[in-house]
Amino acid sequence: MVVIFEYVNANERGKREMLDIRVIREDIKKVKRAMLNRNQNVNLDRLLNLDRERKILVSEIEQLRFKRNKWSEEVCKLKRENKSVSVDFVADINAIKDKIQKQNKRLLATENQIEYFLARIPNIPDESVPIGKDARDNKVVKFVGDLRKFSFKPKYHWEIGEKLDILDFNAASKISGSRFAVLKNEGCDLERAIISFFLDTHKKKGYKEIMTPYLVNRASMRGTGQLPNLEEDLFKCANDDLFLIPTAEVPVTNIHRDCVFEESFLPQKYVSYSACFRREAGSYGRDTKGLIRNHQFDKVELVKFVKPETSDEELESLVFDAGNVLELLKLPYRLVLLCTGDIGFSSSKTYDLEIWLAGDGTYREISSCSNFKDFQAKRMNIKYLKDKKREFVYTLNGSGVAVGRTFAAILENYQQEDGSISIPEVLRKYTEFDAINPKK
RNA sequence: GGAGAAGUGGCCGAGUUGGUUUAAGGCGUCAGUCUCGAAAACUGAUAUAUGGAAACCCGUAUCGAGGGUUCAAAUCCCUCCUUCUCCGCCA
């Protein structure tokens, strides 16, 4: 690894700024427009006032400290020359000390408020992102693959899975609750086959496989932008201030938190399989059946660290790599460019890949590929050396792709009239069977 | 879980009776001299962030993190984090 060193600078760590406040200072109109397009209500004028207040306080405190340091040197000299220090002199220094302390308290309060604001300001959408209110304003870019014509009425994947005895939702709800799945028999083989197929395919394209913990600390969640806004959607450990990861994006991207790379290290591409955990708060009653919106699901994630000037192409190739596995599986999908009102908090531009579910008759998100630009890098303090200067890297990630939903799509798109499932060609070397047949 | 040790610049490593240390020294890196070129040798430079300044430069902060004591903290006190060693438990 060409990481040249890790930061140990307390100052930077403490004053890490989210969306760089300079952007807001210098181009307030742009930021205001961006927030409007995102339907976000942030009081940016208040933030700017706080920023001005902070600047004044800092310079005041620095001047006071300068004075104190000088006087302190005086004391040192006098002592060395064995001269006594006058009581008045000490009193004067103490007065300065009090002043510093007082202003410091004000500064701390101001900085806390600024940090509170900044941590909650989402990324600025890219120019190419369509302006829109919600998912209905997303743009379908293209359809890939042909929808199969059925000679019978296709079933839902949970019906097929339970009948084949490869899915068991009753067992899952008994041991854990709703929104969980138990895989059985060939279902387990299929799940592992999908995972292996995804990993192998992406590794051939230069992604490095990495396996990371499923529990991460608060700093990691802040780094990729899950915190502070999305805490409600995370599973949290009661005694340890640790969170279950909602995606491998979190641990994988945070691997390089507080790092500076040589330029030659970029682009750096990772592929990681992990289980993912989401509370799905606020989605009660939606997609309660099957594998679509579970609290725990498997996913293969792609993460990239790149130079800023290449990030547009890197997003396109990320989308291509994600779509590629679906095409190899011969699963039809459509590519959607999310509008300003629908992109995630940290993202600047996002494409969703939506898989066709024949039984359900709908397209469902199976991958979300985003360019975060320097938004996450600023939160995580990830830089690279460009002409000996430190610049923030750009980060991107996307599912490559969600395993559970792929499982569901295979069941619904590859189902046969007799209730069996034919296994997609590319998976057969992993499953070592061609079909899953009903038990007798 | 119990007991102990440690955390200093890109790396190694001094400094812990508080104040000429603006963090010694070495390695590495960069530039120069030398050379056809390189190595070696020699000379010099070499942390980060931030504020002011066109620039020279000046200020502030940072020795794992956060507090405290003091005129003054790498150094003393408290809390936390991480790593290592031993014991216990455990797949």
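Worth knowing before you read on, the calculation uses all heavy atoms, side chains too, and leaves out hydrogens, waters and symmetry mates. Protein chains get the first letters and strands the later ones, always in sequence-line order, with residue 1 at the start of each.
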Under a 3.5 Å cut-off for both distances, is G59(B) Watson-Crick or wobble paired, and to whom? U50(B)
Under the criterion salt bridge (charged side-chain N to carboxylate O under 4.0 Å, His left out), which of Glu313(A), Glu316(A), Glu314(A) is the partner of Lys304(A)? Glu314(A)
Lys55(A) side-chain proximity, nearest of G52(B), U69(B), U48(B): G52(B)
G59(B), U70(B), A49(B): which one has an atom nearest the side-chain heavy atoms of Lys97(A)? U70(B)
Output all residues satisfying side-chain hydrogen bond (donor to acceptor under 3.5 Å, both in side chains) with Asp352(A), sequence neighbours left out; order by chain, then residue number. Ser368(A)
For a quick check of understanding: with a heavy-atom distance under 4.0 Å over all strands, which category does Asp92(A) fall into, base, sugar-phosphate or nothing? nothing
According to the side-chain hydrogen bond (donor to acceptor under 3.5 Å, both in side chains) rule, which pairs have a member within residues 399-415 of chain A, sequence neighbours left out? His157(A)-Glu412(A)
Shorter than 3.5 Å, N or O on both sides, protein versus nucleotides 15-20 of chain B: list them out with atom names.
{"residue": "G19(B)", "atom": "O2'", "partner": "Arg80(A)", "partner atom": "NH2", "Å": "2.4"}
{"residue": "G19(B)", "atom": "N2", "partner": "Ser72(A)", "partner atom": "O", "Å": "3.0"}
{"residue": "G19(B)", "atom": "N2", "partner": "Ser72(A)", "partner atom": "OG", "Å": "3.2"}

Please determine, for the side chain of Phe66(A), which listed nucleotide (C71(B), G59(B), U50(B)) has the closest atom? G59(B)
Lys184(A) and Asp165(A) ion-paired at < 4.0 Å: yes
In Watson-Crick or G-U wobble terms, both distances under 3.5 Å, what is the partner of U69(B)? none
Applying the Watson-Crick and G-U wobble criteria at under 3.5 Å, what pairs with C86(B)? Answer none if nothing qualifies. G2(B)
How far does CG of Asn381(A) sit from CZ of Arg390(A), to the nearest 0.5 angstrom? 9.0 Å
Does Asn69(A) put a side-chain nitrogen or oxygen below 4.0 Å from OP1 or OP2 of C71(B)? no
Donor-acceptor pair present, Glu62(A) side chain and G51(B) base, under 3.5 Å: no
Check whether the ring centres of Tyr273(A) and His202(A) lie less than 6.0 Å apart, and answer yes or no. no
